[in-house]
Novice: 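Pasting a structure below so you can have a look.
Since the model is a prediction, treat every value here as computed from it, not as a measurement. Side-chain atoms are counted along with the backbone in the values below, which use heavy atoms only and exclude waters and symmetry mates.
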Amino acid sequence: MKNYISKRLNLFLALLVFFSAMAVYLFTLAPSITMEDSAELITAAYTLGIPHPSGYPLYVLLGKLFTFIPLGTIAWRVNLMSAVFGALTAGILYLVIEKISKNKFIALCLALVLAFSQVFWSQCVVSKFYTLNSFLICWLILMLLAWSEKKNSKYLLAFAFIYGLSLTNHTTVILLAPAFGLYILLI
């Protein structure tokens with residue numbers, strides 16, 4: 001019973017982090033295109049085009065789905081995608097830190113620190129691929145932690161699938177392969 005309550009509390013706190021971050025990101029979301037790659041990424045998402053190398057196919061496909069939301073401008077909708085993945089990152093980060101530290105308060109504080117840090121927040125309110133990248137990395141880490149707890153191969157299969165998807169968003173994820181591989185071999 002105690003384990004059940006702890007899991008429910010963890011889910012509640014992760015959702016609290018997500019909704020807190022999402023509310024602030026929505027309030028401060030860029031209403032249109034911004035500097036740097038914003039216009040290029042929004043256009044690519046809307047037209048299913050190819051932005052500068054590496055092309056970011058996962059970002060473009062997910063961005064296209066967000067363009068179907070019947071609110072705001074196309075630019076606002078694609079900016080919304082960054083906000084959603086930024087808030088999801090913060091929520092999953094809470095779960096990762098809690099699983100490692102076994103301390104809900106520390107996990108909550110650190111997840112909120114990330115969510116409202118200047119650099120991360122600035123990427124969550126404009127069209128950029130970094131929040132999707134951070135979401136995928138946190139999800140990969142969470143899956144590895146779940147696998148190391150339960151030793152069920154379905155977590156490794158899901159990990160491999162999500163890792164492959166993450167490579168289609170931003171190729172810098174390849175730099176994490178040695179650390180992930182070492183973790184899998186040593187656990």
Novice: Could you tell me whether a side-chain N or O of Asn79 sits under 3.5 Å from a main-chain N or O of Leu29, the two making a donor and an acceptor?
Specialist: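 Looks like no, no N/O pair under 3.5 Å.
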
Novice: Ignoring hydrogens, what is the shortest heavy-atom contact between Leu93 and Ala111? Give both atom names and the distance.
Specialist: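 Looks like CD2-CA, 4.2 Å.
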
Novice: Please report the interatomic distance NE2(His170) to CG(Leu175), rounded to the nearest 0.5 Å.
Specialist: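 With rounding to 0.5 Å, NE2 (His170) is 10.0 Å from CG (Leu175).
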
Novice: Within the 4.5 Å heavy-atom criterion, are Phe159 and Ser153 side-chain neighbours or not?
Specialist: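 No, too far: nothing below the 4.5 Å cut-off.
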
Novice: Could you report the tightest heavy-atom contact between Phe85 and Leu62, atom names first, then the distance?
Specialist: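 Closest approach of Phe85 to Leu62: CZ-CD1, 3.9 Å.
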
Novice: Output the distance between atom CG (Leu13) and atom OG (Ser20), rounded to the nearest 0.5 Å.
Specialist: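 Those atoms lie 10.0 Å apart.
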
Novice: Identify the two heavy atoms, one from Arg77 and one from Thr67, that lie closest to each other, and give their separation to 0.1 Å.
Specialist: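 Looking at all heavy atoms of both residues, the closest pair is NH1-O, 2.5 Å.
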
Novice: To check you understand the geometry: which heavy-atom pair defines the closest contact between Gly86 and Tyr25, and what is its length?
Specialist: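 Nearest pair, atom of Gly86 first, then Tyr25: C-CE1, 3.9 Å.
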
Novice: Would you say the side chain of Met22 lies within less than 4.5 Å of the side chain of Leu80, judging by non-hydrogen atoms?
Specialist: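 Yes, their side chains come closer than 4.5 Å.
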
Novice: Would you compute the distance between atom CG of Leu58 and atom CG of Asn169 and round it to the nearest 0.5 angstrom?
Specialist: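 One gets 5.5 Å once the value is rounded to the nearest 0.5 Å.
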
Novice: What class does the angle between the rings of Phe180 and Tyr163 fall in, given that below 30° is parallel, 30 to 60° is tilted and above 60° is perpendicular?
Specialist: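 Correct class here is perpendicular.
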
Novice: What distance do Met81 atom CE and Leu132 atom CG have between them, rounded to the nearest 0.5 Å?
Specialist: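 The CE atom of Met81 sits 6.0 Å away from the CG atom of Leu132.
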
Novice: Sub-3.5 Å donor-acceptor pair from the side chain of Ser101 to the main-chain atoms of Ile97, do we have one?
Specialist: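 At least one qualifying donor-acceptor pair exists.
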
Novice: What side-chain donor-acceptor pairs closer than 3.5 Å can you find for residues 133-142, not counting sequence neighbours?
Specialist:
from   : atom 1 : to     : atom 2 : distance (Å)
Ser134 : OG     : Thr89  : OG1    : 3.1
Ser134 : OG     : Tyr130 : O      : 3.3
Ser134 : OG     : Thr131 : O      : 2.9

Novice: Tell me whether Lys151 forms a cation-pi arrangement with Trp147, defined as NZ or CZ under 6.0 Å from the six-membered ring centre and within 45 degrees of its axis.
Specialist: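 Judged by the rule (NZ or CZ under 6.0 Å from the ring centre, within 45° of its axis), Lys151 counts as positioned above Trp147.
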
Novice: Could you check Leu144 against Tyr155 for side chain to side chain contact (heavy atoms under 4.5 Å, CB included), going step by step and ending with a plain yes or no?
Specialist: CA-CA 7 Å; Leu144 280 181; Tyr155 291 105; over 6 Å; no

Novice: Is a side-chain N or O of Thr168 found less than 3.5 angstrom from the main chain of Pro57, in a donor-acceptor match?
Specialist: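 Looks like no, no N/O pair under 3.5 Å.
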
Novice: In this structure, would Phe12 and Leu95 fall into the same cluster of hydrophobic residues linked by side-chain contacts under 4.5 Å?
Specialist: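 Yes, Phe12 connects to Leu95 through the hydrophobic network.
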
Novice: Under 3.5 Å, is there a donor-acceptor pair linking the side chains of Tyr183 and Ser148?
Specialist: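 On atom types as modelled, these side chains qualify, holding a pair under 3.5 Å.
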
Novice: Given side chain to side chain contact (heavy atoms under 4.5 Å, CB included), test Ile100 with Leu145 step by step and report yes or no.
Specialist: CA-CA 8 Å; Ile100 293 169; Leu145 291 172; 3.8 Å; yes

Novice: Determine whether Trp121 and Thr28 satisfy the following criterion, side chain to side chain contact (heavy atoms under 4.5 Å, CB included), listing intermediate values before the conclusion.
Specialist: CA-CA 9 Å; Trp121 188 346; Thr28 59; 3.0 Å; yes

Novice: Does Phe120 belong to the same Ile/Leu/Val/Met/Phe/Trp/Tyr cluster as Val113, with side-chain heavy atoms less than 4.5 Å apart forming each link?
Specialist: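 In one cluster: no.
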
Novice: Taking only distance into account, with no hydrogens and no angle test, what donor-acceptor pairs under 3.5 Å do side-chain atoms of residues 68-76 form with protein atoms, sequence neighbours excluded?
Specialist:
from  : atom 1 : to    : atom 2 : distance (Å)
Thr73 : OG1    : Pro31 : O      : 3.4
Thr73 : OG1    : Trp76 : N      : 3.1

Novice: Test Asn103 against Glu98 for side chain to side chain contact (heavy atoms under 4.5 Å, CB included), laying out the working first.
Specialist: CA-CA 6 Å; Asn103 189 318; Glu98 197 285 327; over 6 Å; no

Novice: Please name the pair of heavy atoms, one in Ala115 and one in Ala90, separated by the smallest distance, quoted to 0.1 Å.
Specialist: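 Looks like CB-CB, 3.8 Å.
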
Novice: Taking C-beta and beyond as the side chain, do Phe66 and Ser82 meet within less than 4.5 Å on heavy atoms?
Specialist: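 A side-chain contact is absent here, since even the closest heavy-atom pair is not under 4.5 Å.
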
Novice: Search all heavy atoms of Phe116 against all heavy atoms of Ala21 and return the closest pair with its distance.
Specialist: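 Heavy atoms of Phe116 and Ala21 come nearest at CZ-CA, 3.8 Å.
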
Novice: Looking at Tyr94 and Leu110, would you say the former's side chain and the latter's main chain have a donor-acceptor pair under 3.5 Å?
Specialist: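 No, Tyr94 side chain to Leu110 backbone: no donor-acceptor pair under 3.5 Å.
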
Novice: Measure the spacing between CG of Leu157 and CE of Met143 and express it to the nearest 0.5 Å.
Specialist: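 Separation between the atoms: 10.5 Å.
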
